[in-house]
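Below you'll find the structure, written out as C-alpha cells, and then a few comments.
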There are 2 protein chains.
Amino acid sequence: MRRTPVGRQTRARGIPEATVARLPLYLRALTALSERSVPTVSSEELAAAAGVNSAKLRKDFSYLGSYGTRGVGYDVEYLVYQISRELGLTQDWPVVIVGIGNLGHALANYGGFASRGFRVAALLDADPTVVGSSAAGLPVRHMDELESIVESQQVSIGVITTPPGAAQQVCDRLVEAGVTSILNFAPTVLTVPDGVDVRKVDLSIELQILAFHEQRKAGEEPEAEEEPAPSRAPGPVRAAAAKLRRAAGGAKETKDAGKDAKAEPRGESERSAVMPA
Amino acid sequence: MRRTPVGRQTRARGIPEATVARLPLYLRALTALSERSVPTVSSEELAAAAGVNSAKLRKDFSYLGSYGTRGVGYDVEYLVYQISRELGLTQDWPVVIVGIGNLGHALANYGGFASRGFRVAALLDADPTVVGSSAAGLPVRHMDELESIVESQQVSIGVITTPPGAAQQVCDRLVEAGVTSILNFAPTVLTVPDGVDVRKVDLSIELQILAFHEQRKAGEEPEAEEEPAPSRAPGPVRAAAAKLRRAAGGAKETKDAGKDAKAEPRGESERSAVMPA
DNA sequence: TAGATTGTTAATCGATTAACAATC
DNA sequence: TAGATTGTTAATCGATTAACAATC
C-alpha cells in the first residue's frame, strides 16, 4: 500500500517518519545483542529490549524489507547492518559543534556519536577565551574558521549549542557555508531555507511534559475545587486577572481531577516514553 | 467529542499527548512576547513564532479552554498563565540530578530549568573524586544521601545522567525513594513500575535521524544502482554476508533513490522538526 | 511433520488540516 | 457595520495494534 510497485529487489521507499525515529532504538538493542554474540533474535525479544511492542517492530521492519526468517527470527548481525545502512550510518559523517559551553563539551565527549559514524570535525566558539582550549582532545577553534572547515572537510551536519541569542546567526552561517542538516540545542526556533533539515533538542521540554503528568498524579480529589471562572472580559482585564492569580502563585492547583488523573502509562509516544512491561 | 461532559466551568481533560508536547513551545514563544511587552497575539503570529501551523495551534488551545477573543487574538499574559498552570509550572518542582559528568554539569547550569519552576534540589554522584566538588553553585553529594534528600525535599522528579551501565540501578533507587517521574539521558531502556513516568532524551538519536535524511539528499541518481540482493539464506549465511559487506564498508550507498529522495520538509513531527516558512 | 515466528492485512485510533460559522 | 480572528467541524491522513495466513 505504501510500497512502491516492487521490482525485483527494490525495497520500499517512503519509510514513515515514526519508523525512522525508532530505527536508532532497534539499532541500539541489536548492537547490545551483537556484543553478547547473540546470533538471532525474535521480534518479541527485540521489541522488549527496545521498549516497543512486537507488532510495531515487525511493521517497522517490513518497510525495510523482509529480513527475518519465519519460525526463527532475525539474524542480529545482518539486521545491524541493514538498519545501519538504512540510517546512513555505514558512511562517515563529519560534524561541527558550535558553542563550546557545558553542553558543547558534553557532546564533544559523547561516545554515542563516534560509535555511529559521526566524527567531530571541529569545535567552534566565538569567545576568544575559549578558543585555543581543548575538549575531548580537540582544539576549540574560532568561528572565523567555520567556512573553511565546512568546505575542506565536507561537513554537512552542524550542531548548535550556543546561547539562544546567537543560534539563528550561527545557523545562517552554517547554511551559507554548505551545511544542510542542523541539530539545534538552543531554545530558539530556527528559520532555514528549503532543503535544510533542522531537528531540535530542548532539554527542558521533556521536563515540562513530566511535570504535566506529575501534576495529574498528585490531584486525586474526586470532587475537585474549581478554578476561578475564566474571565470573559477583554484583554487588559484578563491580563490583570492573570497577574493577580500569578501573585497568588505557589498554591498547589488541584482543580478538576478528571478521568485520567490517575497515572497513565502513555505507552510509546513519538518521543518514546519507554515503559516496558 | 474528546471533551468530558462539561459542567459549569470545568475544562476538558484528556489533552492529547501531541498537544501537551507542544505546550512548552507555545509557552516559550509567549514568554518572549511577554518580555517585549506585546499585549495580544493572533493564532497566526503565535503559530509562526512557535514554528507550527495556526490551525493546529487553535485546535491545541481549544483543549485548554476558550482563552482567545474573536477578532482580536489572545492576551499574552493570560495565556502564559494558563499554559503554565496546565503544565504544572506554577508550582515548584524540586529535582535531583544523578551523575555529574559533562552532561550533568550542563543541566545543572541550564537556565531553562529554573525559569520554569524546576529547582535543583541536589546533585548526586557515586564517584568519591567528584563528590564535594561543586557545579552551578551547588555541592555534589554522594549517592548515599539520595534517599534522605528525596524524602526531606519531597522530590518527585529525577534526572539520570549517569553512564548507561548505572542507569537502571539509579532508577530503581530513585523509584524506591519515592520519585515518580524520571528524565533519562542515559542510552538505556529503563524498566519502572506502573505509575512511574519515564521520558528519554537520546542525544544521538536525533543525529541519526538527520543522517537518514541527509543520505537521501545526496543520492539523486534517477536510475540507482542496486544493492546486492538480500540473501534468502538462513541466519549464519546472512551474517557472513553482512560481515563481507561491512568490510567493503565506507563506500557511499546510492541504491534506490526513490520518490522521496528529494529533501522532504517533514513538517511538524512529534519530535518537532521546525521548518517555518 | 509440528511448532514457531514472520510479514501483512484490516480495523481502530489519534493527529492534522482546511474551511467556515460564530462572534468580537 | 465591516473586518478580523477565534473555536469547531469534518474530512483526511498517518500510526498503532491484533490477528492470522504464510512459511521456515
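Naming convention: chains lettered A, B, ... in sequence-line order (proteins, then strands); numbering from 1 in each chain. Keep in mind that what you see is a predicted model, and the values were worked out from it rather than measured.
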Taking atom [atom2] of [N] as reference, at what distance in whole Å does atom [atom1] of [X] sit?
X     : N      : atom1 : atom2 : result
B/R58 : C/dA21 : CZ    : P     : 15 Å
A/R22 : D/dG14 : CZ    : P     : 15 Å
B/N53 : D/dG7  : CG    : C1'   : 15 Å
B/L57 : D/dT6  : CG    : P     : 8 Å
A/L64 : C/dT6  : CG    : P     : 14 Å
B/L46 : D/dT5  : CG    : P     : 13 Å
B/D60 : C/dA15 : CG    : P     : 10 Å
A/Y63 : D/dA15 : OH    : P     : 7 Å

Looking only at side-chain N and O atoms, does A/D197 offer a donor or acceptor that is under 3.5 Å from a partner on A/S181?
no
Please determine whether a side-chain nitrogen of the Lys or Arg among B/R216 and A/E86 lies less than 4.0 Å from a carboxylate oxygen of the Asp or Glu.
yes
Between A/G71 and A/A55, which residue's closest nucleotide on DNA chain C lies nearer the 5′ terminus?
A/G71
What stems, by residue range, does DNA chain C take part in, given at least 3 consecutive Watson-Crick or G-U pairs under 3.5 Å?
C:3-24 with D:3-24
Within the modelled atom types, does a donor on one side and an acceptor on the other bring the side chain of A/R70 and the base of D/dT23 under 3.5 Å apart?
no
Evaluate the criterion side chain to side chain contact (heavy atoms under 4.5 Å, CB included) for residue pair B/L64 and B/I15; output intermediate values, then yes/no.
CA-CA 8 Å; B/L64 309 182; B/I15 300 175; 3.6 Å; yes
Using heavy-atom distances to pick each residue's nearest nucleotide on DNA chain D, tell me which of B/K59 and B/V41 is more 5'.
B/V41
For B/F61, which contact category applies under a 4.0 Å heavy-atom criterion: base, sugar-phosphate, or nothing?
nothing
Please determine if a side-chain N or O atom of B/S43 lies less than 4.0 Å away from the OP1 or OP2 oxygen of D/dT6.
yes
Does a nitrogen or oxygen in the side chain of A/T69 sit under 4.0 Å from OP1 or OP2 of C/dT6?
no
Of all heavy-atom pairs linking A/I182 and A/C171, the shortest is CD1-SG, 3.6 Å
Quick one: side-chain hydrogen bond (donor to acceptor under 3.5 Å, both in side chains) partners of A/N184, sequence neighbours excluded?
none
State, with a plain yes or no, whether a side-chain heavy atom of A/Y26 is found less than 4.5 Å away from one of A/L79.
no
Please tell me which of the listed nucleotides, C/dT16, D/dT17, C/dG7, lies nearest to the side chain of A/Y74?
C/dG7
Run the numbers on A/Y67 and A/D75 for side chain to side chain contact (heavy atoms under 4.5 Å, CB included), then give the verdict.
CA-CA 8 Å; A/Y67 295 149; A/D75 180 88; over 6 Å; no
